[in-house]
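If you're wondering where the values come from, they're calculated on a predicted model, not measured in any experiment. Both backbone and side-chain heavy atoms feed into the values below; hydrogens, waters and symmetry mates do not. Counting starts at 1 for both ligands and their atoms, following the listed order. In this chain, numbering begins with 1 at the start of the sequence shown.
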Amino acid sequence: MADYNVIVIGAGPGGYVAAIRCAQLGLKTACVDNWVGTDGKSALGGTCLNVGCIPSKALLDSSHHYYHLQKHAADHGIQHQGLSIDVAIMQARKEKIVKTLTQGIGSLFKKNKITHLPGLGRLVGTTEVEVIGDGNKVDIFTTDYIIIATGAVPTTLTAAPVDNQSIVDSTGALAFNQVPKTLGVIGAGAIGLELGSVWNRLGSKVTILEALPDFLALADRKIADAAFKELKKQGLDIHLGATLTSTTLSSEGTVTVTYQDKTGEQSLVVDKLIVAVGRKPNTDSLNATAVGVKINQRGFIEVNEHRQTAVANIYAIGDVIGGPMLAHKASEEGVMVAERIAGQHSEMSYQTVPWVIYTYPEVAWVGQTEEQLKAAGIEYKIGQFPFAASGRARAHGDTNGMIRVIAEAKTDRILGVHIFGISASELIAEAVLAMEFEGSAEDLARTIHAHPTLAEAMHEAALGVDGRTIHA
Ligand code: FAD
Ligand code: AMP
């Protein structure tokens with residue numbers, strides 16, 4: 001008999017959720033993970049909890065309070081003097097949140113009787129995992145199934161080598177101990193925009209260089225345009241069609257960034273530079289190909305629609321297989337794979353994975369954009385509602401943005417919902433659910449929404465698909 005039914009390699013949102021679901025289904029489960037926290041101890045939760053989703057949102061919230069007090073407190077009659085930010089306290093708060101949550105995963109492992117194996121996991125056979133732990137102690141465990149959930153690491157650029165002093169990746173940008181006077185960001189994806197926003201709100205002069213000519217190329221154009229305008233207004237100096245070509249460090253540690261745009265070569269000098277040009281799969285130490293697991297040209301592990309690799313008892317989930325590199329996508333794959341290993345027939349709906357960018361206001365969407373539908377020759381109808389016409393948004397003092405509901409012309413089935421506005425990350429859940437149930441715009445339009453809420457804007461946008469919007 002094998003030591004375990006399942007060994008999961010990686011304890012990010014893909015791996016730890018897969019491990020918990022396996023254990024719930026009665027499988028004897030271990031989870032190998034090599035993350036070491038800032039206190040030098042092993043920490044569960046992977047990128048997401050340690051240096052990703054959670055710490056970035058902690059800093060976004062802190063910086064939002066500061067920015068909001070500075071810019072909007074007076075609108076509410078709130079007076080303040082000598083407002084300042086103590087970056088050390090802000091960072092300590094972030095660390096505490098991370099620690100509470102990573103330790104929480106440890107408690108969940110104990111509750112579910114999952115063995116945590118701290119160390120580097122390596123495949124030494126199709127049913128054997130080697131774990132290199134503390135002091136290079138090597139153990140080999142046998143298992144019926146393996147789930148690879150080793151995630152991804154920041155993509156590097158030879159033109160901007162990360163030294164974690166002047167040129168940092170997303171992890172370094174979450175840990176600045178003072179507000180840089182000037183900050184450059186390479187890449188206007190979710191990570192670049194979120195981290196650029198944090199430091200911009202705290203006083204940095206932020207310049208973002210994005211190689212692509214379109215802002216948020218995957219998003220609905222009207223939403224992306226509205227977000228671009230607003231973020232520029234907030235002070236993010238975003239240059240599109242601007243490709244980094246080289247960087248030079250001065251003796252004082254400032255960075256001269258040279259880039260190419262349509263007018264030729266440009267340069268910029270900044271105190272710190274964040275490289276946020278995407279993430280690459282983490283497979284280097286796995287020894288995966290030696291046991292028959294296939295890796296594609298872009299370095300992602302190859303899987304079928306049920307996340308099974310070329311080796312039948314080895315699955316792979318999350319960032320290491322590509323697709324949307326999002327925590328919730330990794331977790332849901334973990335659930336599907338665990339259930340399939342336990343003999344169930346679970347499937348995952350990839351067409352309803354929501355996307356969120358946590359700027360202020362937020363950008364969120366699910367399903368297809370108007371541009372994608374046009375290109376596919378699918379006839380559609382759109383209902384749109386501006387937050388400027390929402391009573392709740394007015395009470396909030398934030399009327400920026402809109403909701404767009406797109407439905408198939410013939411069937412009224414919802415094909416996509418796109419939001420730029422406050423709480424878009426929460427509002428999108430209703431759209432995801434409606435689409436998961438294959439709902440129509442009329443289903444949303446006939447659903448009673450509490451008043452006054454931001455969600456009424458979703459209701460109104462759905463009414464708009466049939467030209468029945470009430471308040472605009
Ligand atoms: P990971 O979370 O990367 O976890 C992989 C784990 O495996 C790590 O602990 C790693 O140390 C371990 N590991 C790797 N190789 C081995 C090995 N050989 N042996 C043992 N252990 C190993 N996504 C969102 O959905 N929402 C957000 O708001 C969001 N914000 C982000 C902000 C930032 C700054 C960053 C960097 C990412 C953000 N993401 C966000 C992306 C999200 O963090 C990832 O999509 C998610 O963490 C992927 O989960 P995963 O389980 O596949 O891998
Ligand atoms: P994401 O993949 O969403 O994290 O976003 C990363 C962004 O970085 C993408 O929009 C890329 O187009 C952009 N990018 C990649 N390489 C460069 C580069 N050399 N200069 C400027 N932008 C880049």
Among non-hydrogen protein atoms, atom 42 (C) of ligand 1 lies closest to Cys53 SG, 3.9 Å
If the cut-off is 4.0 Å to any non-hydrogen atom of Leu209, which atoms of ligand 2 fall inside it? 21 (C), 22 (N)
Under-4.0 Å salt bridge between Asp319 and Lys329: no
Heavy-atom contact check, 4.0 Å cutoff: does Ala160 meet ligand 2? no
Which residue and atom name correspond to the protein heavy atom nearest atom 13 (N) of ligand 1, and how close is it? Asn34 OD1, 3.3 Å
Could you tell me whether Lys374 and Glu371 have a side-chain N and a carboxylate O separated by less than 4.0 Å? no
Please confirm whether Leu212 approaches ligand 2 to less than 4.0 Å, judged on its heavy atoms. yes
Take every heavy atom of Ala242, measure it against each atom of ligand 2, and state whether any distance is under 4.0 Å. yes
At less than 4.0 angstrom from any non-hydrogen atom of Gly189, what atoms of ligand 2 do you find? 3 (O), 5 (O)
Which residue and atom name correspond to the protein heavy atom nearest atom 33 (C) of ligand 1, and how close is it? Gly52 CA, 3.4 Å
For Gly278, the ligand 2 atoms whose distance to one of its heavy atoms is below 4.0 Å: 2 (O), 4 (O), 6 (C)
For atom 16 (C) of ligand 1, closest protein heavy-atom neighbour: Thr150 CG2, 3.6 Å
closest protein heavy atom to atom 7 (O) of ligand 1 is Gly10 CA, 3.2 Å
Any donor-acceptor N/O pair, Lys94 side chain to Leu174 backbone, under 3.5 Å: yes
If I take atom CG from residue Leu117 and atom CD1 from residue Ile132, how far apart are they, to the nearest 0.5 angstrom? 13.0 Å
Nearest-contact summary for atom 4 (O) of ligand 1 - protein heavy atom, Å: Gly12 CA, 3.4 Å
